[in-house]
Chemist: 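This is the structure I have questions about; it appears just below.
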Amino acid sequence: MRLTSEFTPARSRDKQRKTQTPARILAAHAVEAALGKKAHDITVIDMREVSGVADYFVVCSADADLQVKAISEAVQERIVEQCDEKPWHREGVEHRQWVLLDYVDLVVHIFISEKRAFYDLERLWGDAPIEHVPDTAASAEEVALLQESE
């Protein structure tokens, strides 16, 4: 359920983004960067109708902690280069088991496969539209959830 009353979600009051780039564009760049570093089981979750946390989650898996680091760095570099946007907050960068990159309207989750299975975000947010990106996808253009207008 979307909050539509006079209440402003905490993310709108406390977190500020540098640009007005639509969240779906940020998410598309995150997907492309993850694909470029061979992330697998990439999922896009449209959070707009179920939570005020963010508009989109991009969730992906890696086989090793070094790959988690590489994916995280690639996502950050791509979004800075293409959108002039840095994460508002980062978690897990040191341990590289679950890295969270919070771009206010987009949250990117990069997991070691075992951690992803344990936390199972797709089940947790099962009411949200979810799209699985084929590991063979060439780009984010194949992600229908990111093609719709905002």
Chemist: Which atom names give the shortest non-hydrogen contact between Ile45 and Ala128, and what distance separates them?
Modeler: CG2-CB, 3.6 Å

Chemist: Would you check, one step at a time, whether the test side chain to side chain contact (heavy atoms under 4.5 Å, CB included) holds for Leu26 with Tyr56?
Modeler: CA-CA 9 Å; Leu26 294 176; Tyr56 294 95; over 6 Å; no

Chemist: Within the distance-only criterion (no hydrogens, no angle test), does the side chain of Glu142 pair as donor or acceptor with the backbone N or O of Ala137 below 3.5 angstrom?
Modeler: no

Chemist: Answer yes or no: is there a donor N or O on one side and an acceptor on the other, between the side chain of Arg116 and the main chain of Asp41, under 3.5 Å?
Modeler: yes

Chemist: For a side chain to side chain contact (heavy atoms under 4.5 Å, CB included) check, start with the C-alpha distance between Thr21 and Ile79, then their side-chain angles and the critical distance, and finish with the verdict.
Modeler: CA-CA 10 Å; Thr21 304; Ile79 293 177; over 6 Å; no

Chemist: Report the C-alpha distance between Leu66 and Arg96 in whole Å, list the side-chain angles of each, state the deciding distance to 0.1 Å, and finish with yes or no for side chain to side chain contact (heavy atoms under 4.5 Å, CB included).
Modeler: CA-CA 8 Å; Leu66 288 176; Arg96 298 184 280 200; 3.7 Å; yes

Chemist: Enter the distance from His89:NE2 to Tyr103:OH here, rounded to the nearest 0.5 Å.
Modeler: 13.0 Å

Chemist: What verdict does the side chain to side chain contact (heavy atoms under 4.5 Å, CB included) test give for Leu100 and His109, after you've listed the backbone C-alpha separation in whole Å, the side-chain angles of each residue and the deciding distance to 0.1 Å?
Modeler: CA-CA 5 Å; Leu100 180 144; His109 300 269; 3.5 Å; yes

Chemist: Quick one: side-chain hydrogen bond (donor to acceptor under 3.5 Å, both in side chains) partners of Asp63, sequence neighbours excluded?
Modeler: His40

Chemist: Are the side chain of Glu32 and the backbone N or O of Ala28 linked by a donor-acceptor pair below 3.5 Å?
Modeler: no

Chemist: Can a donor-acceptor pair be found between the side chains of Glu122 and Thr43 at a distance below 3.5 Å?
Modeler: yes

Chemist: Assigning hydrophobic clusters by single linkage (Ile, Leu, Val, Met, Phe, Trp, Tyr; side-chain heavy-atom cutoff under 4.5 Å), is Tyr119 placed with Val107?
Modeler: yes

